[in-house]
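Handing you a structure now.
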Amino acid sequence: MDENKLISAEQFGMPSREPQLMLGNEAVARGAWEAGVHVVSSYPGTPSTEITEAAAKYEEVDVQWAPNEKVAAEVAFGAAMAGARAMTCMKHVGVNVAADPIFTAAYTGVNGGLVICCADDPAMHSSQNEQDSRYYARAAHIPMLEPADSQECLEYTKLAFELSEELDTPVFLRLTTRISHARSIVKQGKRESIPVKAYRKDMMKYVMMPAMARKRHVHVEKRESFLSEAANQMPINEITMRDQEIGVITSGACYQYVRDALPNASTLKLGMVYPMPMKLIKQFADQVKRLIVFEELEGLLEKDIRAAGIACEGKNLTGLQGELSVESIKHALLGTPMPVASGVDLPARPPVLCPGCPHRGVFYAVSKLGLRVMGDIGCYTLAALPPLSAMDACLCMGASIGMASGAERAQGKAFSKGTIAVLGDSTFLHSGIAPLIDAVYNRQSITVLILDNRITGMTGHQQNPASGLDIRNQPAPAVDIQKLCESCGVTHVSIVDPFDLKAVEKVLKEETERDEVSVVIARRACALLERSTIPPYVIDGCRNCGMCLKLACPAIERREKQVVINAALCIGCGMCAQVCPFKAIKEGVRAV
Amino acid sequence: MSQLSFDLVIVGVGGQGTLLASKIIGKLALSAGLGVKVSEVHGMSQRGGSVITHVRVGDAVHAPLVSLGAADYLISFEALEAARAAAYLKEDGIAIVNTQRILPMPVITGAAAYPADPLTAPPLSDHVVEAVDALTLAVEAGSQKAVNLVLLGRLSRHLAFEEEAWKHAIASSVPRATFATNLKAFEAGRV
């Protein structure tokens with residue numbers, strides 16, 4: 001792909017060792033590389049995805065996409081146990097999936113360093129909830145570092161590996177969207193030469209049966225009390241005294257907001273948010289008149305500080321919802337009026353399925369048939385919005401199938417004749433297989449629709465085990481989803497082209513009627529992956545009936561007396577031509 | 001007025017290439033030895049939703065986000081999105097707006113109406129608005145994808161970076177094969 005090669009920075013006198021503007025996520029990857037990381041295994045999830053993508057650009061590192069976060073964490077743990085420095089990256093809800101190995105890895109500890117990056121998404125820019133990963137650090141007794149800009153992303157990642165090996169524990173690196181997806185200047189270093197340590201069988205440390213785990217639990221507790229004490233001397237927990245009227249304890253992106261909003265306030269910036277340096281906090285509290293904790297999501301720091309007998313304010317000023325900002329901190333503390341965003345009376349612009357998206361035809365048919373849809377996590381969740389309005393529920397990765405089974409248990413078999421479970425290829429491989437087995441085993445009659453576009457779409461096109469490619473776009477074995485479903489005991493597995501609307505409608509009608517579990521695979525590559533060479537469609541003789549608008553295609557616009565196709569957006573999928581009752585939509589003329 | 005410390009907000013519709021514009025300004029600031037932070041939107045909004053990128057350039061930049069009422073400049077790739085983001089501008093802030101219209105789904109379905117002229121109505125009418133037909137200029141330069149460079153060219157009139165510095169930043173941000181087109185689009189916006 002020569003045309004994609006960039007003109008090198010060196011050509012313009014900017015040697016690559018000069019400071020670079022890096023995403024927080026890229027800086028984490030750089031930090032891991034500098035720390036000599038050997039293995040990175042992750043499942044994509046906004047806002048964490050680019051860490052692993054950036055790591056894959058360093059050829060010395062063995063980087064892979066795993067089918068889900070649990071597998072990713074287990075691979076990283078296995079690598080660390082076998083002596084390598086290893087990292088696994090995920091979004092906040094991914095930690096739920098990986099929680100099982102993570103909690104017990106806290107007992108076993110490591111051999112090579114193990115870093116778990118989790119990226120929270122306050123304000124839910126691209127997530128289904130606002131859970132706070134800092135609870136996991138407390139629950140699993142795993143130390144957690146939180147950087148406040150890209151330079152710290154790099155440095156804290158290196159520190160996390162050191163702590164991991166020194167304290168014999170996995171270490172969490174916690175990011176939030178505004179750290180992961182903000183670019184700031186990073187000074188880069190060299191890669192440390194860290195050899196893979198020897199593998200050593202150690203039953204007492206790595207076989208977590210009750211007798212051994214009881215002993216390891218003692219180690220966990222000792223480690224935590226040691227670190228709680230050491231935290232008071234760690235340079236990343238830093239007091240900066242300014243005006244003594246107000247002292248703020250904060251971390252991560254909130255620290256940056258505080259510095260802009262309250263430039264004169266004294267600060268205690270926590271680089272390690274668990275365990276907390278309680279003596280240092282007490283010392284800081286004693287030096288300021290009013291102590292305030294600014295933190296996004298839960299009021300965790302605040303609760304712990306108050307539990308230690310130190311008076312402070314926090315969530316009473318900001319609430320639990322969404323992100324903080326310079327404006328909200330000024331408003332909370334100085335009473336500055338909260339600026340009002342413009343555009344409340346303007347038409348909203350929700351995200352939509354792209355022009356030519358293969359999911360569109362499927363949901364058009366589903367909507368036409370009036371089926372109930374147990375939905376899932378992916379681009380196709382956008383079909384919940386009008387005019388397709390084709391989704392009844394969306395909970396978490398892979399939940400569509402279990403929800404459909406549960407609904408049938410509640411409402412009876414007839415209910416499943418008007419219901420489908422819908423999920424993508426990557427989501428199916430992530431956590432849809434076990435519920436499919438459950439449905440077959442427990443004699444359900446649900447219909448599962450797998451939208452197989454060969455890629456993990458919403459997070460920005462990451463390869464998955466059915467893509468036939470690995471993270472570096474090298475050929476890889478591909479799971480045959482049809483055979484996989486058949487071997488789970490599904491006897492009726494059909495494949496349909498989602499661009500063929502009649503065929504989709506027919507197969508959905510037939511399969512929902514069945515009294516047993518059936519699977520429909522709608523197979524066509526993501527429209528953003530395979531660029532169309534078909535010229536844009538045109539409308540000639542429009543009667544303005546509006547049928548084509550039901551497709552919810554952003555390339556189709558209604559003007560005063562007719563509908564037009566926006567040639568700049570249309571990719572020529574031709575679905576609109578199939579739904580036009582007057583055959584007024586036709587393939588356009590190829591530009592020379 | 002030309003300045004080397006500024007807050008900029010770039011808005012548009014997911015998929016329009018707003019990230020390239022911020023990348024170029026980021027590199028420009030970096031090569032000029034200035035502090036810079038850029039905050040991007042990845043994920044769901046990139047699928048045709050409203051997108052916003054914050055760019056903060058200066059010596060003491062902390063927050064990665066521009067505060068409402070603090071932006072010196074607003075670049076909008078789409079007319080309606082300019083109106084939506086108008087509150088980011090400070091009183092004497094300047095909006096550079098591509099006149100292109102992309103209808104959002106509620107307008108396509110008839111649930112809402114696209115404003116008659118978002119560029120001359122409040123809240124944008126309270127500010128200096130530079131309307132640019134960037135799509136036409138980009139197509140003339142050789143690619144409709146070069147809208148971002150046309151708009152950057154227009155912004156460059158207000159900033160004190162030298163033309164050579166812009167060229168270097170563009171060259172190190174775009175594929176080699178598209179450099180000539182992109183530079184042409186930049187110059188079309190700058191003149």
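Only this structure's heavy atoms are used, side chains among them; waters, hydrogens and symmetry mates stay out.
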Turns out that what part of Pro47(A) lies under 4.5 Å from chain B's heavy atoms comes down to neither
So which residue, Leu23(A), Thr381(A), Ile185(A), ends up with the most heavy-atom pairs under 4.5 Å with chain B?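 So the answer, after comparing Leu23(A), Thr381(A), Ile185(A), is Ile185(A).
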For a side-chain contact (heavy atoms from CB on, under 4.5 Å) check, start with the C-alpha distance between Arg47(B) and Cys379(A), then their side-chain angles and the critical distance, and finish with the verdict. CA-CA 8 Å; Arg47(B) 302 280 172 267; Cys379(A) 286; 3.3 Å; yes
Comparing Pro387(A), Ala348(A), Cys354(A), Ala341(A) against chain B, the one with the most heavy-atom pairs below 4.5 Å turns out to be Ala348(A)
Practice problem: Might you work through the side-chain contact (heavy atoms from CB on, under 4.5 Å) test for Ser342(A) and Arg84(B), ending with a clear yes or no? | Solution: CA-CA 5 Å; Ser342(A) 47; Arg84(B) 201 189 307 284; 5.7 Å; no
Cut-off 4.5 Å, heavy atoms of chain B, and the answer for Asp149(A) is side chain
Sidechain-backbone polar pair: Arg349(A) side chain, Pro106(B) backbone, donor-acceptor under 3.5 Å: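 Side chain of Arg349(A) to backbone of Pro106(B), a donor-acceptor pair under 3.5 Å: no, none is there.
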(message) Main chain of Pro64(B), side chain of Gln256(A): is a donor-acceptor contact present, judged purely on distance under 3.5 Å?
(response) no
- Task: May I ask you to name which of Pro554(A), Pro339(A), Ser184(A), Pro347(A) has the most heavy-atom pairs under 4.5 Å with chain B?
- Result: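 The answer is Pro347(A).
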So what's closer than 4.5 Å to chain B heavy atoms on Leu382(A): side chain, backbone, both or neither?
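Side chain of Leu382(A) only, per the 4.5 Å heavy-atom cut-off to chain B.
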- Query: Would you call Pro386(A) and Met105(B) a side-chain contact if the rule is heavy atoms closer than 4.5 Å?
  - Reply: no
Max heavy-atom pairs within cutoff under 4.5 Å with chain A, candidates Val107(B), Thr109(B), Leu65(B), goes to Leu65(B)
| said: So for Ala261(A), is it side chain, backbone, both, or neither that comes closer than 4.5 Å to the heavy atoms of chain B? | reply: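 Ala261(A) has no heavy atom closer than 4.5 Å to chain B.
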Note: Ile108(B) and Cys553(A) closest approach over all heavy atoms is CD1-O, 3.9 Å
Q | Toward chain B, the part of Ile179(A) with a non-hydrogen atom under 4.5 Å | A |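 For Ile179(A), neither part sits under 4.5 Å from chain B.
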Residues of residues 111-133 of chain B contacting chain A, heavy-atom criterion under 4.5 Å, by residue number
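The residues closer than 4.5 Å to chain A, in numerical order, are Ala112(B), Ala113(B), Tyr114(B), Pro115(B), Pro123(B).
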Between Asp260(A) and Arg56(B), is there a salt bridge with N-O shorter than 4.0 Å?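 Yes, this pair counts.
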*asked:* Within the supplied structure, the quantity of interest is the number of heavy atoms (other residues, nucleotides, ligands) at a distance under 6.0 Å from Glu162(B) CD; does it exceed 12?
replied: no
Please classify the contact between Val563(A) and chain B as side chain, backbone, both or neither, with a heavy-atom cut-off of under 4.5 Å.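 Interface part for Val563(A): neither.
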